[in-house]
Amino acid sequence: MDVMGDKATLFETGRFVQPSGRDEAGEVVEGVAEDAAEEIRRRIAAETGDVEAMSVLGAMLLRRGDLDGAEPHLRAATAAGDRAAANNLGVLLHQRGYADDAAGWWRVAAVAGSAAAAHALGRHHRERGDEPAAEYWLRQSAEQGHALGAYALADLLEHRGDAGAELWMRSAAERGHREAAYRLARALDRKAMGEGDAGIDDGVSGASRVSGVSGASATEEAEQWYRQAAARGHRRAALHLGAILERRGELKEAGRWYLTSAKDGEARAACALGFLLRDAGDTDSAAVWWLRAAQDGDGNAANALGALHAERGEPQTAERWYRAAMDAGDDNGAYNLALLCAEQGRTAQAEQWYRRAAYAGHREAANALAILLLQGGDATGAEPWFSKAAEAGSVDAAFNLGILFAGRGEDAVALRWYERAAGAGHTEAALQVGIARLRDGDDREAERYLRCAAGGGSAEAAYRLATVLDARRPPVPSHELGETVHEKSECEEWYERAASLGHRRAQVRVGMLAAARGDVVEAARWYREAAEAGSRNGAFNLGLLLAREGSEPEAAVWWTRAADAGHGRAALRLALVYARRGELAEGQRWADRAVVLGPGEVAERAARLRDALRQELSA
């Protein structure tokens, strides 16, 4: 047991007791070891039998590390009844390895009222496994207002699951104990976040949950205790304080606390500082801190370095850092290494690393492995990995399972997985559920899912939603003087949303709506955009619009494009154009094409035109 603590702060620990009648925190003689004149004065006084001088001189020598010189003075002062000397004699003997003898003198001092000695004695009994005796002496120390005693008592009670631990932890924190302040903050933080006992690094167990504190107030109080501990040099408190500030958007102050913690050796803070700098655009400085954290064993920082080098086109360096992340126990390292191998076409190695990460519970790696197996034709091997990823919460894996079962014709099972993914916000899954509901005739339920998918940016969902709303739209009312009053409906807005996202059928529909209200320019713009994207209906309608405007040659160009794409009406229009021009053979050729393309009505008209042209040509 390191009863002395840090020798440089021996008086501040409270374990080093001052002469009776003086402040046991050590304010009276702080710095006396450096004052030779003071030491001489104390020696002279001690030689005359001054008990206080003997006690202080022994303390000075003990603090300096001169155990042989300190022991006779401390023994003499102890024999004269000085409780501070008795406590410090216990400290000296403990340093020499005589723990039982040390405990004897601590008992003497504790019985005489020394809170520091009671704390040391309680620690001694706890290390010996005598918890009742440990609790007794630690409680004696804590009740006298000794911060270390209160903290040690809280730690003991917490270990036993005693709800009273929180009271003493708070007491120690209020008296400036930085570790108590940190652990109290962690308890409050977990209460606010609803974490229970998950993710505890070194914090407080469920026994010392803070009761009667709401989530919001717990968060505020946690921040205050983090601040107190961080201000006293607690590096993990500085890390958590930085995280709170970062979540709140106070990035400058968060960065300062991350920097403080990182400089004290906290690798996670160095990693977080790196991400903060990266987000600010300073990737070079970010790399410096990630390197520092990675060298201290932080897998997340190693992954970040790997990603940075991958972005810079340095795959070998990236791979080295991903491997370092794996060595640090970070499963993301294997996953990222698999992604790197997949990008390079090293499929076998990619599968190997995906498997490693997937077996370790990495859900996205399990999903990626399943996709890789599916691409290789192993649907049977892919399914369990999709299932494992989906059960672990991967939304993409749930959607992929839907695709897998739909491909097998198991539509009911596929729909269940689509619904699960849609419930988690997957846009394409919501679209698939919406389409399934449309097939079932449940327009209302279909609308609900289509709205979700359309809101997530799906052009197809926006178009299908528009068609559902369009089918319900009442006839357009007319102005009393016969003029049409046009107000843009919701379905038109969805058509336009889909059109703006590049949906060709929506573009054609928006063009038709514009043409219906007489906006030829707008109609032509949407028809042209659809046609240039490959829509044969867009090309045909654009041709009609141009022909009505007197631009038949240009119209013929677009009809040709539509007919070449299989549009029967466009082929018939071309046959008529060439027939009017007197190019009967070309007209007959397009009429033949229209007969083949249809539909029925067009085929009949084209057949009559073809026969007429054939007669003209044979006359």
Side-chain angles (χ1 to χ4, degrees), residues 1-6 9-10 12-17 24-25 87 90-91 94 99 102-103 106-107 110 114-191 195-211 213 218 221-222 224-226 228-230 232-240:
M1 179 177 75
D2 182 13
V3 293
M4 289 296 294
D6 183 356
T9 57
L10 190 58
E12 290 83 351
T13 64
R15 300 295 298 280
F16 197 107
V17 181
E24 290 187 5
N87 178 47
V91 172
H94 191 277
W106 281 330
R107 181 182 295 274
S114 170
H119 164 244
L121 186 57
R123 288 281 303 276
H124 170 80
H125 283 299
R126 187 177 182 187
E127 289 172 0
R128 293 296 187 275
D130 187 352
E131 291 197 359
E135 181 182 352
Y136 174 82
W137 289 111
L138 291 176
R139 195 174 291 277
Q140 293 293 317
S141 176
E143 288 176 351
Q144 292 181 62
H146 195 271
L148 287 174
Y151 175 73
L153 177 59
D155 189 64
L156 175 65
L157 295 175
E158 170 200 290
H159 178 71
R160 288 216 309 255
D162 192 316
E166 188 254 324
L167 171 68
W168 292 110
M169 192 69 75
R170 186 178 292 274
S171 174
E174 289 171 348
R175 294 181 180 278
H177 193 289
R178 70 179 190 182
E179 185 65 24
Y182 170 71
R183 290 175 67 170
L184 182 59
R186 293 293 292 141
L188 290 161
D189 212 356
R190 283 192 295 274
K191 180 177 180 62
E195 293 178 3
D197 288 344
I200 299 175
D201 50 2
D202 60 337
V204 184
S205 71
S208 62
R209 283 293 159 268
V210 181
S211 58
V213 184
E221 190 181 359
Q224 293 172 2
W225 289 115
Y226 279 137
Q228 177 171 310
R232 292 177 175 272
H234 197 292
R235 69 187 192 188
R236 280 170 296 172
L239 167 66
H240 287 288

Main chain of Glu131, side chain of Arg126: is a donor-acceptor contact present, judged purely on distance under 3.5 Å? no
Compare every heavy atom of Arg178 with every heavy atom of Arg232, then report the nearest pair and how far apart it is. O-NH1, 2.9 Å
Which heavy atom of Leu138 sits nearest to which heavy atom of Arg123, and what is that distance? CD2-N, 4.1 Å
Please check if the side chain of Trp106 supplies one atom and the backbone of Asn87 the other of a donor-acceptor pair under 3.5 Å. yes
Measuring from Gln140:CD to Ser114:OG, what's the distance to the nearest 0.5 Å? 11.5 Å
Classify the side-chain pair Arg175/Tyr151 by whether it contains a donor and acceptor separated by less than 3.5 Å. no
Suppose we call two aromatic rings close when their centres sit under 6.0 Å apart. Are His125 and Tyr136 close by that rule? no
Please find the pair of heavy atoms, one from Ala165 and one from Glu158, that lie closest to each other, and give the distance. CB-N, 3.5 Å
Which heavy atom of His177 sits nearest a heavy atom of Ala147, and at what distance? CD2-O, 4.1 Å
Only counting residues at least two apart or in another chain, list the ones meeting salt bridge (charged side-chain N to carboxylate O under 4.0 Å, His left out) with Arg139. Glu135
Step-by-step side chain to side chain contact (heavy atoms under 4.5 Å, CB included) determination, Trp225 to Met169: CA-CA 12 Å; Trp225 289 115; Met169 192 69 75; over 6 Å; no
Does Glu221 pair with Arg170 as a salt bridge, N-O distance under 4.0 Å? yes
Please report the closest heavy-atom contact between Ala180 and Ala173, naming both atoms and the distance. CB-N, 3.7 Å
Quick one: does His240's side chain get under 4.5 Å of Tyr182's, heavy atoms only? yes
State, yes or no, whether a side-chain contact exists between Asp155 and Trp168 at a heavy-atom distance under 4.5 Å. no
Say whether, by atom type as modelled, one donor and one acceptor occur between the side chain of Gln228 and the main chain of Gln224 under 3.5 angstrom. no
Shortest non-hydrogen contact from Ala142 to Leu153? CB-CD2, 4.0 Å
Verdict with reasoning, Trp137 to Arg107, per side chain to side chain contact (heavy atoms under 4.5 Å, CB included): CA-CA 9 Å; Trp137 289 111; Arg107 181 182 295 274; 3.5 Å; yes
